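Structure record follows, encoded as structure tokens.
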Amino acid sequence: MKFKAIKGARDFYPPDMEVRNAIFDAWREVSLRNGFVEYDGPTLEYLDLYTAKSGDEIVQQLFHLTDRGGRELALRPEMTPTLARMVNAQVATLPKPIKWFCIPRCYRAERPQRGRLREFFQWNIDIVGLDDPLADAETIFVAVDLFRWFGLSPRQVVMKINSRELVAHMLLDLGVDATRLPPLYAVLDKRDKMPRAAFDAALAEILPDESVRRAMNEHLALPTLADVRSARTWAPATHDAIVEVQKVLDWLDRWGVGEYCTFDLGVVRGLAYYTGIVFEAYSKGGLKRSVCGGGRYDELLRVLGGPEIPAVGFASSDVVMQDLLDEFNLLPGRGGQRLDAYVIDADPSLFEQLISIVGALREKGVRADFSYRRLPLGKQLKAASNAGCAAAILLGQETRDRDVVTIKDLATGQQREVPRERLLAEPVSNLPRGGPA
RNA sequence: GUGAUAGUAGCUCAGUCGGCUAGAGCACUAGGUUGUGGUCCUAGGGGUCGCGGGUUCGAAUCCCGUCUAUCACCCCA
């Protein structure tokens with residue numbers, strides 16, 4: 001092959017498109033049924049939108065170009081800066097809270113791996129303008145609601161919930177210097193991925209005081225929120241953070257998804273801008289990858305030139321979602337095209353009538369097709385089956401003599417005659433199943 | 001961007017101590033079948049063995065480079 005798709009990009013053949021659409025449909029339906037509305041923005045943005053948020057290093061990790069006017073542009077690596085820009089532009093007039101979702105195509109100039117490509121789709125859910133644990137809880141609920149949509153059980157996926165604020169205040173209470181927190185988050189985020197010795201070494205570099213390290217390791221290993229609460233006498237700010245996490249967990253219980261959710265002090269997220277609740281969903285199967293992640297980012301809109309306005313949200317990629325569904329055999333079947341009716345002539349002399357009937361059916365919203373070649377009846381039926389069709393409509397001698405057509409249910413093999421006029425007047429009620437959606 | 005492993009038909013793979021026109025299953029196309037499909041039988045198309053170079057009388061097979069994929073780093077927005 002002389003020409004290939006570029007590295008880390010995918011071709012979507014019709015069967016792949018079916019899977020992708022099934023995931024998009026789920027994302028869209030779940031978003032809508034939770035009260036979110038869809039938005040979108042440009043794929044290309046000014047490069048500084050991303051450097052303002054993430055610093056200059058980000059440039060190495062995204063595709064960027066200079067246009068003919070000398071402007072530095074970038075293919076969007078994520079949606080949040082665009083969201084912030086759009087919200088900031090109309091922040092005075094948008095009714096709050098803003099509940100928006102988006103399914104953007106995004107680009108990252110990284111080395112591709114499983115679950116991680118250079119071109120991918122992301123599902124983004126954000127609530128802007130509501131500083132209340134209820135918003136955090138609802139955001140998490142939406143992610144879990146998607147798992148339920150696909151039939152994923154609490155035995156297959158888990159939503160781990162934590163709070164940056166809680167971790168921060170715990171560490172301050174335990175004697176950690178405030179300036180050490182950001183580098184600590186980065187190390188803590190990788191705790192499960194690195195060997196124990198490497199973790200200890202990295203930790204010792206940030207926290208030279210061994211007694212502080214020991215206290216931290218002890219307290220961060222506490223399995224439940226109740227354990228944390230009773231571990232020692234915490235400062236008021238720490239106590240407030242505990243109460244806030246408890247509220248989120250209580251709301252999720254009340255919403256009926258408590259079984260999916262668990263408190264986990266190990267989830268801190270690598271990103272610098274998270275300010276409160278953070279969460280990550282994981283497969284409980286072999287897939288050792290986070291399938292969606294997010295949290296509260298109350299500073300970001302201000303950093304990007306807007307007012308101080310609270311926000312919480314998450315993102316999840318179609319690549320990881322597909323891997324997750326595949327792992328549990330929940331990918332929708334690749335059934336081929338869906339047709340309602342395949343119209344067949346038993347004799348080439350009926351072909352012109354066939355075309356008229358196909359035209360009339362299509363006008364009524366019936367997904368109808370036919371064979372271009374005048375094949376024997378058996379071959380046309382075979383073509384109907386291969387097209388994934390519910391019904392065949394046969395035109396034959398009976399059509400010529402009595403103006404009736406024969407409708408054959410391709411699933412059961414049963415067939416019956418129907419006057420042509422009746423079929424065309426009420427095609428949906430005369431066809432075995434399917435019909436316009 | 002760094003390192004490791006792999007690449008044979010659309011898919012899953014056989015074939016390598018270097019040797020004749022490179023194979024199978026599935027899929028695809030056609031026929032068996034002039035008014036009844038899914039099964040079955042037969043035949044066919046499809047490969048510069050990822051690409052380029054080297055060694056050799058001779059390379060799918062050995063060597064180098066490169067591309068792509070996978071894995072570990074980096075990063076994970």
Side-chain angles (χ1 to χ4, degrees), chain A residues 1-11 13-16 45 49-55 57-62 74 76-84 104 106-118 120 122 124 186 189-190 193-195 198 268-274 278 280 288-295 297 300 303-304 313-317 319-320 334 336 342 344-350 371 373-400 406-415:
Chain A
M1 263 312 209
K2 187 164 185 183
F3 298 108
K4 308 186 206 184
I6 66 168
K7 182 205 283 268
R10 291 167 291 174
D11 293 324
Y13 288 89
D16 309 312
E45 292 274 11
L49 180 65
Y50 303 108
T51 53
K53 177 193 153 199
S54 310
E57 320 81 63
I58 193 76
V59 177
Q60 302 304 315
Q61 289 155 48
L62 44 74
R76 64 183 172 200
E78 58 164 327
M79 200 60 196
T80 310
T82 300
L83 168 78
C106 297
Y107 299 84
R108 293 179 189 176
E110 294 178 303
R111 177 89 76 142
Q113 287 180 32
R114 180 182 174 80
R116 181 179 188 180
L117 301 175
R118 289 186 164 188
F120 56 94
Q122 251 194 355
N124 280 252
D189 188 48
K190 290 181 204 165
K193 285 193 217 163
M194 45 201 316
V268 292
R269 310 277 299 152
L271 266 178
Y273 66 71
Y274 285 115
V278 285
E280 262 176 4
K288 288 292 176 231
R289 195 171 283 273
S290 133
V291 295
C292 96
Y297 52 97
L300 189 59
V303 169
L304 291 176
F314 72 80
S316 175
S317 95
V319 186
V320 176
R334 306 185 167 203
Y342 201 94
I344 291 170
D345 57 350
D347 185 283
S349 66
L350 290 157
S371 167
R373 296 171 58 197
R374 294 306 92 221
L375 293 166
L377 183 59
K379 292 291 184 194
Q380 290 188 62
L381 275 166
K382 184 170 181 165
S385 293
N386 291 342
C389 192
I393 296 172
L394 279 58
L395 316 187
Q397 194 61 45
E398 69 275 28
T399 308
R400 231 189 317 264
T406 302
I407 296 175
K408 183 183 181 83
D409 183 329
L410 288 170
T412 65
Q414 289 179 342
Q415 53 189 58

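This structure is a prediction, so every number in the text was calculated from the model and none was measured. Numbers restart at 1 for each chain; the letters A, B, ... are given by sequence-line order, proteins then strands.
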Sugar-phosphate only, base, or nothing, as touched by A/G396 at under 4.0 Å among non-hydrogen atoms: base
Minimum side-chain heavy-atom gap A/V303-A/Y273 below 4.5 Å: no
Sugar-phosphate only, base, or nothing, as touched by A/I344 at under 4.0 Å among non-hydrogen atoms: nothing
Sugar-phosphate, base or nothing in reach of A/E398, heavy atoms under 4.0 Å: base
Runs of at least three consecutive pairs that involve RNA chain B, where pairs are Watson-Crick or G-U with distances under 3.5 Å: B:1-7 with B:67-73, B:10-13 with B:23-26, B:28-32 with B:40-44, B:50-54 with B:62-66
Sugar-phosphate, base or nothing in reach of A/T80, heavy atoms under 4.0 Å: nothing
Touch class at under 4.0 angstrom, heavy-atom based, for A/G8 against every strand present: sugar-phosphate
Sugar-phosphate only, base, or nothing, as touched by A/Q60 at under 4.0 Å among non-hydrogen atoms: nothing
Backbone N/O of A/A186 and side chain of A/D189: donor-acceptor pair under 3.5 Å: no
Touch class at under 4.0 angstrom, heavy-atom based, for A/R373 against every strand present: sugar-phosphate
For A/Q122, the option from A/C292, A/S316, A/P77, A/P104 that meets side-chain contact (heavy atoms from CB on, under 4.5 Å): A/P104
Main-chain N/O of A/Y107 paired to A/R76 side chain as donor or acceptor, under 3.5 Å: no
Touch class at under 4.0 angstrom, heavy-atom based, for A/G413 against every strand present: base
Heavy-atom donor-acceptor pair, A/Q380 side chain to A/L375 backbone, under 3.5 Å: yes
A/K7 side chain near B/rU68 phosphate (N/O to OP1/OP2, under 4.0 Å): yes
Sugar-phosphate, base or nothing in reach of A/I58, heavy atoms under 4.0 Å: base
